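Here's the structure we're looking at; comments come further down.
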Amino acid sequence: MALKKTAAQMVQEARNRIEEIETADLIGMLDDPDVVIVDIRDVRERQRTGFIPGSFHAPRGMIEFWVDPASPYHKDVFAQPGKKYVFHCASGWRSALTVATLQEMGFDAAHLREGFGAWEKAGGPVEHIKKDG
């Protein structure tokens, strides 16, 4: 079965029309109260590898509904005027597609170009979920 477009092509097209944030730049923004970092990875990824301190977890499968103020699933974190939203996944592919979709909805956002893996490699701080016992 031949696809009209590959996943890699979709990601490249998304990257051509969205704002990409470099890892070092986002590390520098970590303490900025006007920046909201949104982790769209699966909960198991966060449990296994940790997460960016202060990031908000929003599973990719729900993001359009959580961002949309008309949705019964809307989350107030996405209704903060003047905030810069930076989405990330593990490698930047899912977040590029997510931000392109949100842009189509009229929601202004950027993404971490190389994802959480690059964040870790660059020495960005990582928190881990504390386990009981």
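As the structure is a prediction and not an experimental result, all values here were calculated from the model.
For E13 and K5, the salt-bridge test passes: some basic side-chain N is under 4.0 Å from an acidic carboxylate O.
Nearest heavy atom pair, residue A58 against residue V38, reads CB-CG1, 3.7 Å. In terms of heavy atoms, L30 sits closest to P53 at CD1-O, 3.7 Å.
Note on I40: it clusters hydrophobically with L102, by side-chain heavy-atom contacts below 4.5 Å among ILVMFWY residues. Under a hydrophobic-cluster definition in which Ile, Leu, Val, Met, Phe, Trp and Tyr are linked whenever side-chain heavy atoms come within less than 4.5 Å, directly or via other members, V99 and M10 are assigned to different clusters. Under the 4.5 Å side-chain heavy-atom criterion for Ile, Leu, Val, Met, Phe, Trp and Tyr, V77 and L26 are members of distinct hydrophobic clusters. There is a path of hydrophobic side-chain contacts, each under 4.5 Å, that joins I37 to I27. Each of Y85 and I21 belongs to its own hydrophobic cluster when Ile, Leu, Val, Met, Phe, Trp and Tyr are linked at side-chain heavy-atom distances under 4.5 angstrom.
Atom CG of N16 is surrounded by more than 12 heavy atoms from other residues, nucleotides or ligands within 6.0 Å. In this structure, D108 places its CG atom where only 12 or fewer heavy-atom neighbours from other residues, nucleotides or ligands lie under 6.0 Å away. In this structure, D34 places its CG atom where more than 12 heavy-atom neighbours from other residues, nucleotides or ligands lie under 6.0 Å away.
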Side chain to side chain donor-acceptor pair (under 3.5 Å) for H111 and E20? Distances and angles first, verdict last. CA-CA 5 Å; H111 90 119; E20 298 191 293; 2.9 Å; yes
Under the criterion side-chain contact (heavy atoms from CB on, under 4.5 Å), I'd like the reasoning laid out for E104 against R17: C-alpha separation, chi angles, the key distance, then a yes or no. CA-CA 11 Å; E104 288 177 24; R17 65 181 193 269; 3.3 Å; yes
Begin with the C-alpha distance, continue with both residues' side-chain angles, and end with the deciding distance and a verdict on side-chain contact (heavy atoms from CB on, under 4.5 Å) for R94 and I63. CA-CA 12 Å; R94 289 173 285 175; I63 198 65; over 6 Å; no
For D39 and I52, what are the C-alpha separation, side-chain angles and deciding distance, and is it a side-chain contact (heavy atoms from CB on, under 4.5 Å)? CA-CA 8 Å; D39 185 344; I52 297 173; over 6 Å; no
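Not one N or O on the side chain of W119 forms a donor-acceptor pair closer than 3.5 Å with the backbone of E114. Between the Q80 side chain and the V36 main chain, no donor and acceptor come within less than 3.5 Å of each other. For R15 (side chain) and R113 (main-chain N/O), a donor-acceptor pair under 3.5 Å exists by modelled atom type.
Between R41 and R48 the shortest side-chain heavy-atom distance does not fall below 4.5 Å. The side-chain heavy atoms of R60 and L97, taken from C-beta on, include a pair separated by under 4.5 Å.
Taking the ring-ring contact (aromatic ring centres under 6.0 Å, His included) definition, one finds that F56 meets it with F78, sequence neighbours left out.
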Can you give me every donor-acceptor pair (side chain of residues 65-72, partner residue at least two apart or in another chain, under 3.5 Å) with its distance?
from	atom 1	to	atom 2	distance (Å)
D68	OD1	A70	N	2.8
S71	OG	F65	O	3.1
S71	OG	Y73	N	3.0

